[in-house]
Amino acid sequence: MTDLINYRQIIAVAIADAMRIDPDVILIGEDVGAAGGAFKTTVGLFDEFGPERVLDTPISEQAIVGAALGAAITGMRPVAEIMFADFAGVCFDQIANQVAKYRYMTGGQVSVPMTIRMANGAGSGFGAQHSQPAENWFLNVPGLKIVVPATVEDLYGLLRSAIADDNPVLVFEHKNLFAIKGHVPYGETEFVPIGVAAVVRTGSDVTIVATQQMRYRAVEAAAILETEGISAAVIDPRTLVPFDDATVISSLQETSRLLVVQEAPESGSWGASLVSRVVTGHFELLDAPPVLISAENIPVPYAADMEEAWLPSVQDIVSAARKQCAY
Amino acid sequence: MTDLINYRQIIAVAIADAMRIDPDVILIGEDVGAAGGAFKTTVGLFDEFGPERVLDTPISEQAIVGAALGAAITGMRPVAEIMFADFAGVCFDQIANQVAKYRYMTGGQVSVPMTIRMANGAGSGFGAQHSQPAENWFLNVPGLKIVVPATVEDLYGLLRSAIADDNPVLVFEHKNLFAIKGHVPYGETEFVPIGVAAVVRTGSDVTIVATQQMRYRAVEAAAILETEGISAAVIDPRTLVPFDDATVISSLQETSRLLVVQEAPESGSWGASLVSRVVTGHFELLDAPPVLISAENIPVPYAADMEEAWLPSVQDIVSAARKQCAY
Amino acid sequence: MTEPVDELVPALRHGAPSDSSQLLSEMLRIRFFEEEVQQLFSLNLVRGSTHLMQGQEAIPVGVSSVLFKTDTMTCTYRGHGAVLAKGAAMDACFGEILGRAGGLCKGRGGSMHLTDVSVGALGSNAIVGAHLPISVGAALTSKLRRTGSVSVAFLGDGATNIGTFHESVNMAAVWKLPVIFVIENNQYGEYSPVAATTPISRLADRSVSYGIPGVFVDGNDVVSVRAVTIQALERARSGLGPTLIEANTYRQVGHSRSDPGAYRPEGELDAWLLKDPILQLQNAMIASDPQATSHIALVREQVKLEVIQARDRALSWPEPPVEARFEDVYS
Amino acid sequence: MTEPVDELVPALRHGAPSDSSQLLSEMLRIRFFEEEVQQLFSLNLVRGSTHLMQGQEAIPVGVSSVLFKTDTMTCTYRGHGAVLAKGAAMDACFGEILGRAGGLCKGRGGSMHLTDVSVGALGSNAIVGAHLPISVGAALTSKLRRTGSVSVAFLGDGATNIGTFHESVNMAAVWKLPVIFVIENNQYGEYSPVAATTPISRLADRSVSYGIPGVFVDGNDVVSVRAVTIQALERARSGLGPTLIEANTYRQVGHSRSDPGAYRPEGELDAWLLKDPILQLQNAMIASDPQATSHIALVREQVKLEVIQARDRALSWPEPPVEARFEDVYS
Ligand SMILES: Cc1ncc(C[n+]2csc(CCOP(=O)(O)OP(=O)(O)O)c2C)c(N)n1
Ligand SMILES: Cc1ncc(C[n+]2csc(CCOP(=O)(O)OP(=O)(O)O)c2C)c(N)n1
Ligand SMILES: [Mg+2]
Ligand SMILES: [Mg+2]
């Protein structure tokens, strides 16, 4: 039995389920408690678990992340919320230099079981400081796992897996997907694992890899391509670190064509890293040059048409795949 | 007429030369003044230019970068020092969300002529929080230029170009190169331009691309390869953003083999981005799979052998090139 | 309250001497502007989010009424009022919020980023506290260049808990820079009352950490705000360094877009509505001159017209050409 | 000075009651340890940098003398003393600084990162201020789990100017967490005297911003340090929240590795050497009991031996196996 629920709402469901089975889980962030979250993603938790386990904080992101780290190494299993992923900038040191390195630098004395949730992504007119693909900022920092769920089911599962993980996990919740609908996975005990991609759609001509918002555009593009006789697989990696290269490679064994679409500029992106890993490790698999469709190399503009132009479009994907398949 | 000087010393020379010709240039950072810098890279500036133009700050990196930005948009041309590049974590927001975006977001009302200097790099036992290739943290942030000089001449020239640039430029000074020697470029008026790679060595079999510390290892590797009859070109991009793809491509036209060596983990790195751009744009140029040699995907360990193992070695480069040329 | 130091007090933006009528009209400009923005937002003409400041108008107006155009100002996403009071063209403010080509930032910034460097409005910032060090830098230029200009930074009560606040006030204090930090204490940071996030009740007391004056003022009384600003300006221009002003006020509207305000205790809003800064100034004007009523009505009408016309001009502007998005990122 | 509240004062690390002799020996352990590290550094056996704390020993010793093992502690790169005083094995401390397999962190951390979670030493941090929020988190666990443990955070005078200091003390205060923030005011941040970077002279006054007690203490008097710590512990364990202690002291050595100390005014170091915490305690012991001289000599000898033996054990350890570098990063 499952009910229909949206991406926004499933977050509180997942956190509540985790909190019910594990008293060490606490939630900490700005207005996550009494107000139910700036995005209403934590509604109900304060009422159920009270102010000791659902903590409203001052506007102090460094203290939020650092306190979560301090709690994690002393026995708790905190979930910290950084409202907009862009604010990871103000606590970057805590995430990259402290949280990511603590276990390693101390010679593994303790693990760091904590989750940092943040709302990422463009498309809704929040402007350059509230729309970034900040998941890319942390790719070069060893010690963090990074998940980027696109569906209600993946968000539920990955959030549960993140909270259960003994490593720090960054969970990016895409704010332009809040209205996406899916099912509450009642009574599940196995969760979408970190590090495993989803084959959204199989295909034999080209393998399109995309996350979150771009996954949906990839699926749309695949449908159009199908009408033209091009069979496109769509793979959603769901996790950026550690990346499930194997699922991509296995699809490439059939398609021999790699097309990566990402909501991020090219330089220093997960997409470029994937392309690089595939060509350095599996060159012989490719029958055509890989394609990387990225967002534009400019800050996210505010005006509607500009912001939409910044994002890769369905049409961009269709044209690129068409060209690639004609190679 | 030129004198021999080292990488550490040339920094103050470059800043002094810039300050002499432009009264808008000021230097701001922790202990950059009276003490001549934590790395002794700013010795003499305080004496020559006084406390108004060489400002010792509190330990407040966010304020340092933000104040430099505020000064830049009101008519100064500040050079801010962030002692170790790892500390960019504490002022990441100011760099990525403020400095990088100010001009764009305001519709170009003013430019942001400022430079941020920081000491990056591993190899001298400073541990995981003082050894990082932090230049990679900013690759995905449009609006910044990023330079990574390896020689005394490039450091001088790029620092002068950075200070003269109307865009914000991040200058990474590699602390394991402080003892490298080179020449003071007396009386030059044209400086090494931002965005132009150096062909360190030409070659016809493989194109090795490397920066800073790795550039020297690449040159060593190339010498070894030569004795084996393999002719390796070595290209030092010198600038990571904007990257001079053209010089790499032009060498590849001869060699058809790309080998990138970097002092950074693979994920989200400049090297992976370069590999990706080359294969997506110039697939047909390649006769063998490109190779990316990266640092290991762990925090930089302290113990000597571990740290050295973390870094790509000359031997790693030689073996990879050998294999690639035998492809 | 000190008497204004005449030579330090510039004329109001419109050139007239700064009298009550002028102050009223400035506050009304903001009030009506915000009401229109709210309307435009509900019509889906504003993207993302918008943060309005009805009820807080006396603070930017009181402060800016004694600033020169060459003085600089930074503020927050809740900064429409501050930017208008500093002298930005109203239609261009509307235009920016609407994402139009004629917007202050050519439509690239949005509601949280109104900026007009030409009038010294150096930026509204969407990252809490991030504008504070920028205002320190503007003051540094003033000091080094000896321009005499003062840098004002508006911030929220909640922003006094973030690291940049501490670093910025400290740096300004140790360098004795001409900065005025003005806390717009509207009792809440998003949905959290000050007491839930801040262990002291008088935020101005945070000045002790920096050895600078901390001044508490009724932020709904435009004349008092102006008076304390004059003192802070004097101090700044004499090279004595920054001042921390806490202006007490109330955000009469939600934090942003859809905010039902369930967190407000019963009756709180009503009590504050009685202390509305515009209402209070009007009452004071009427108390001192019963004839003022009709004058006030006239001012309101004029301002309303100005706002409507500015709005309509902005609405008539096109969106920016989409190719323009590549401009101004690297030169 | 308050009398120690007996049930709140644990025995010293070695199990003996906390008397002067014990305090002296603890300080000497640190002093001799640091001297050996300096020696090892000059022999090129220590990589990177090392930050010593000769002259500041009374602070960690005074504080830790009244802590339980279950109380937690975070500190800075200048934290050898704090970690030793909290009870970490000395040989493992040497081992870490030498990058040996038997080091506290298996040689992966280094001089700036001594950590021994088993004794509550949660970490030395190489980023100024970054450990402060971590100490807040440890206190949060204490509060939620009702363990009664207190979280101590040592920090430098210079660190009081960085954002995390402000955010951390504020959060601890608003949540009334059991944290004791201990400023080791050694008069300098690197090469900058406090006055060059900080606009007030009494750093404890920064407590005003958080509505908590600010206590100034002679940081070279181990007994006074212990006394103020006891008060802060009482407050913390009673759920009243954090205390900010400023312990005045002096760094008798350079900031790190090669530091000629040219920034020190003539005579300053000499004056402080007369106030050396070890010297002062020894003098006090001799003043109250002239026979103490020989006892002191004995203690010094014993401690010296302990230190040399610990050093030699560590030197005999191998470097960590290079393959071990891949451990403990993802589980
Ligand atoms: C660094 C950062 N953290 C969080 C936010 C989200 N946020 C936007 S406004 C706000 C509340 C700010 O409160 P206050 O400073 O009192 O200003 P007000 O909105 O009341 O004017 C928060 C938390 C942000 N924009 N930036
Ligand atoms: C964020 C950050 N900025 C700068 C540094 C470089 N740094 C190391 S120690 C130090 C001085 C710290 O002074 P203080 O807090 O007084 O501590 P002390 O060293 O005197 O014990 C500085 C600036 C750093 N490690 N981290
Ligand atoms: Mg507020
Ligand atoms: Mg100090």
Side-chain angles (χ1 to χ4, degrees), chain B residues 23-24 26 28 50-53 55-78 80 90-94 96-114 142-145 165-169 194-195 241-242, chain C residues 72 74 96 101 103-110 112-118 120-123 125-127 129-145 147 149 151 153 162-164 166-175 177 320 324-331:
Chain B
D24 295 339
I26 56 172
I28 159 170
E52 285 227 332
R53 293 184 67 195
L55 293 110
D56 282 324
T57 68
I59 308 174
S60 308
E61 281 81 4
Q62 298 191 79
I64 293 170
V65 175
L69 170 56
I73 59 174
T74 50
M76 310 303 292
R77 192 171 281 277
V90 299
C91 51
F92 191 94
D93 174 73
Q94 286 294 323
N97 287 334
Q98 313 304 328
V99 170
K101 297 179 174 48
Y102 189 91
R103 178 155 169 264
Y104 186 78
M105 288 183 47
T106 60
Q109 294 180 36
V110 284
S111 56
V112 180
M114 66 181 272
L144 302 167
K145 295 184 179 180
D165 204 296
D166 281 341
N167 299 285
V169 183
I194 293 174
V241 181
Chain C
T72 60
T74 64
E96 189 56 33
L104 280 180
C105 307
K106 303 182 189 160
R108 271 186 255 147
M112 299 201 277
H113 297 291
L114 300 187
T115 304
D116 186 350
V117 175
S118 72
L122 296 186
N125 211 302
I127 305 292
H131 58 301
L132 301 175
I134 301 174
S135 69
V136 172
L140 180 61
T141 299
S142 166
K143 183 176 179 179
L144 298 179
R145 289 265 179 86
T147 64
S149 81
S151 171
I162 200 161
T164 46
H166 181 62
E167 295 190 7
S168 302
V169 185
N170 185 67
M171 185 178 274
V174 78
W175 290 348
L177 297 179
R325 72 188 182 282
F326 296 116
E327 289 167 11
D328 302 318
V329 66
Y330 296 108
S331 61

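Residue numbering restarts at 1 for every chain, and letters A, B, ... go by the order of the sequence lines. The structure displayed is predicted, hence computed values, not measured ones.
- For the set Ala130(C), Pro320(C), Gly109(C), the count of heavy-atom pairs under 4.5 angstrom toward chain B peaks at Ala130(C).
- In this structure, a donor-acceptor pair under 3.5 Å is present between the side chains of Thr74(B) and Thr141(C).
- Only the side chain of Val241(B) comes within less than 4.5 Å of a heavy atom of chain C; its backbone N, CA, C and O stay farther away.
- Counting heavy-atom pairs closer than 4.5 Å to chain B, the top-ranked of the candidates Thr147(C), Thr74(C), Asp116(C), Leu114(C) is Asp116(C).
- One distance of note links CE of Met76(B) with OG of Ser142(C); it measures 11.0 Å at 0.5 Å rounding.
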Which atom pairs, donor and acceptor, lie under 3.5 Å between side-chain atoms of residues 55-62 of chain B and protein residues at least two apart or in another chain?
from, atom 1, to, atom 2, distance (Å)
Asp56(B), OD1, Asp31(B), N, 3.4
Asp56(B), OD1, Val32(B), N, 3.0
Asp56(B), OD1, Gly33(B), N, 2.6
Asp56(B), OD2, Ala34(B), N, 3.1
Thr57(B), OG1, Gly29(B), O, 3.4
Thr57(B), OG1, Glu30(B), N, 3.4
Ser60(B), OG, Asn161(D), O, 2.9

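- The minimum heavy-atom distance linking Ser168(C) with Ala63(B) is given by the pair N-CB, 4.4 Å.
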Mind running side-chain contact (heavy atoms from CB on, under 4.5 Å) on Asp24(B) and Arg145(C) for me, showing each step along the way? CA-CA 9 Å; Asp24(B) 295 339; Arg145(C) 289 265 179 86; 2.6 Å; yes
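- The two residues Ile134(C) and Gln94(B) have their closest heavy-atom pair at CG1-OE1, 4.3 Å.
- Here the closest non-hydrogen pair linking Leu144(C) and Glu52(B) is CD2-O, 3.2 Å.
- Interatomic distance, Met105(B) CE to Lys106(C) NZ, rounded to the nearest 0.5 Å: 14.0 Å.
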side-chain contact (heavy atoms from CB on, under 4.5 Å), that's the test. Do Gln98(B) and Ile127(C) meet it? Break it down for me. CA-CA 9 Å; Gln98(B) 313 304 328; Ile127(C) 305 292; 3.5 Å; yes
Before giving the answer on side-chain contact (heavy atoms from CB on, under 4.5 Å), spell out for Ile73(B) and Leu122(C) the whole-Å C-alpha distance, their side-chain angles and the decisive distance to 0.1 Å. CA-CA 8 Å; Ile73(B) 59 174; Leu122(C) 296 186; 4.2 Å; yes
Passes side-chain contact (heavy atoms from CB on, under 4.5 Å), Asn125(C) versus Asn97(B)? Steps please. CA-CA 10 Å; Asn125(C) 211 302; Asn97(B) 287 334; over 6 Å; no
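- At distances below 3.5 Å, at least one donor-acceptor pair connects side-chain atoms of Arg108(C) with backbone N or O atoms of Tyr104(B).
- Both the backbone and the side chain of Val117(C) come within contact range of chain B, each with at least one heavy atom under 4.5 Å from a heavy atom of that chain.
- Residues passing the ring-ring contact (aromatic ring centres under 6.0 Å, His included) test with His131(C): none are found, sequence neighbours excluded.
- Looking only at side-chain heavy atoms (C-beta outward), Gln109(B) and Thr115(C) come within less than 4.5 Å of each other.
- Residue Thr164(C) touches chain B through both its backbone and its side chain, counting heavy-atom pairs closer than 4.5 Å.
- Ile64(B) places a side-chain heavy atom less than 4.5 Å from the side chain of Met171(C).
- Looking at Asp328(C) and Lys101(B), no side-chain N of the basic residue comes within less than 4.0 Å of a carboxylate O on the acidic one, giving no salt bridge.
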